[in-house]
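Nothing fancy with the numbering, it's 1 onward along the sequence. For ligands, and for the atoms within them, numbers begin at 1 and follow the listed sequence.
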Amino acid sequence: MQLFERIAPLRAALKAHRLAGETIGVVPTMGYLHAGHLKLVERAAAENDRVVVTIFVNPTQFGPNEDLDAYPRDIESDLARLADFPVDYVFAPPVDEMYGRPMQAFVDLKPLGDILIGELRPGHFRGVATVVTKLFNIVQPDRAYFGEKDYQQLTIIRRMVADLEMPIEIVAVPTVRETDGLALSSRNVRLSSEDRAVATVLASALDEGEKVVAGGERDPATVLSAVRVIIEAEPRADLQSLDLRDAATLDAVDRIGDRPVVLLVTARFGEVLLIDQRVAARKSRSAQTGECA
Ligand code: PAF
């Protein structure tokens, strides 16, 4: 595994692999790696000849009042964890390598980047789409791996790649959870022990929402209130947003039909903003009634 902090030598190394006809998979991260990231790495290694992991806490996706400085960083332990996996290159640039001059070009998806989390964090997805574009241009991967937990991010990157004709396959990897259901996130380490104990309420509430959708409920408001009631019963959880959207497009849904929907939740526990999601679909009538098809 080789570590690069600069773009030019990484590009030179990857060019040799490309010329040899090898495929390249990239796993973009902001570091502080956990088992969820390592699942992405495993998948990338299974599907590509070469694997690049990028580690970069991207300042442009943090708002002025957000937790950029508090975002956890530990490059030494990240490298130690990656050493057990078939990773060829780690790209961990300093900020001046990625943003060496004031930027004039940005990638901004509208309205997809302005809705949902984009409303809570104005400019966040412009920062994400721009840095992911830069990383894609640096690595020129065949495939890129993203977790389903950041569902809006995943949807935005899929749409960006389609709209801009980027020749990259976006691979979505299911959310990895603690045994009690809490979705893994680099932010979890910042939860107090009291908040950590109750943060599982998000997963339990989503379980309930999934059950209600699977049971055939067509009214989004009914599903959302079943989820909300569980979260609001937990006094330490400060619900910030809860939505039900079309799982492929994130369009609003008036009535749940045969297309899968996604439940998206964000909640604060103390200072820490957690997000979680669940894709849900109505079960077929025979599955609901237990009849044989
Ligand atoms: O999901 C993340 O860790 C970041 O948003 C990403 C995709 C690495 C861009 O900075």
Side-chain angles (χ1 to χ4, degrees), residues 4-5 7 10 25-41 43-44 51-63 66-75 77-78 81-82 87 89-99 103 106-109 112-113 116-118 120-139 141 143-161 164 166 168-176 183-190 250 264 266 272-277:
F4 287 105
E5 293 188 342
I7 296 168
L10 174 70
V26 69
V27 181
T29 80
M30 297 209 298
Y32 217 74
L33 303 178
H34 52 63
H37 296 112
L38 299 172
K39 267 272 176 298
L40 305 182
V41 172
R43 181 86 180 265
V51 174
V52 182
V53 175
T54 71
I55 297 179
F56 180 60
V57 181
N58 172 37
T60 67
Q61 67 190 73
F62 290 80
E66 289 184 350
D67 50 0
L68 172 62
D69 291 339
Y71 197 86
R73 296 160 170 88
D74 190 346
I75 184 79
S77 109
D78 288 345
R81 301 200 86 175
L82 290 174
V87 172
Y89 302 104
V90 175
F91 178 53
V95 172
D96 68 357
E97 185 69 358
M98 294 296 282
Y99 296 109
M103 293 275 290
F106 296 93
V107 182
D108 205 359
L109 284 88
L112 211 40
L116 304 165
I117 290 177
L120 294 176
R121 303 184 67 189
H124 169 70
F125 287 117
R126 181 172 103 143
V128 170
T130 302
V131 81
V132 170
T133 300
K134 284 164 81 80
L135 293 169
F136 283 177
N137 286 336
I138 292 163
V139 175
R143 298 185 188 84
Y145 295 79
F146 293 90
E148 278 182 354
K149 182 175 80 70
D150 296 307
Y151 198 86
Q152 187 174 0
Q153 168 172 286
L154 171 67
T155 310
I156 282 175
I157 288 163
R158 281 188 163 139
R159 183 63 189 251
M160 171 183 94
V161 163
L164 299 181
M166 296 178 176
I168 300 168
E169 183 188 338
I170 302 302
V171 181
V173 178
T175 305
V176 179
L184 294 196
S185 162
S186 306
R187 293 203 155 115
N188 292 352
V189 293
R190 294 177 47 219
L250 296 188
L264 300 162
T266 59
V272 185
L273 184 68
L274 296 185
I275 67 175
D276 204 350
Q277 58 77 32

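- In this structure, atom 3 (O) of ligand 1 lies nearest to the protein heavy atom M30 CG, 3.5 Å.
- Where the criterion is an N or O separation shorter than 3.5 Å, residue side chain and backbone included, N58 fails it with respect to ligand 1.
- To the nearest 0.5 Å, atom NZ of residue K134 and atom OH of residue Y99 are 6.0 Å apart.
- With ligand atoms numbered from 1 in the order given, ligand 1 contributes 4 (C), 5 (O), 9 (C), 10 (O) to contacts under 4.0 Å with heavy atoms of Q61.
- Here CZ of R121 is found 7.0 Å from CD of Q61. Values are rounded to the nearest 0.5 Å.
- Contact annotation: for T29 versus ligand 1, heavy atoms closer than 4.0 Å belong to the backbone alone.
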Residue pair F62, V57: steps toward the side chain to side chain contact (heavy atoms under 4.5 Å, CB included) verdict | CA-CA 9 Å; F62 290 80; V57 181; 4.0 Å; yes
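- For atom 1 (O) of ligand 1, the nearest non-hydrogen atom from the set H37, H124, Q153 comes from Q153.
- Counting atoms of ligand 1 from 1 in the listed order, those under 4.0 Å from a heavy atom of V131 are 9 (C), 10 (O).
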Please report the C-alpha distance between M160 and T133 in whole Å, then the side-chain angles of each, then the deciding distance to 0.1 Å, and finally whether the side chain to side chain contact (heavy atoms under 4.5 Å, CB included) criterion is met.
-> CA-CA 9 Å; M160 171 183 94; T133 300; 3.4 Å; yes
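- Here the CG atom belonging to N58 is positioned 8.0 Å from the CG atom belonging to L135, to the nearest 0.5 angstrom.
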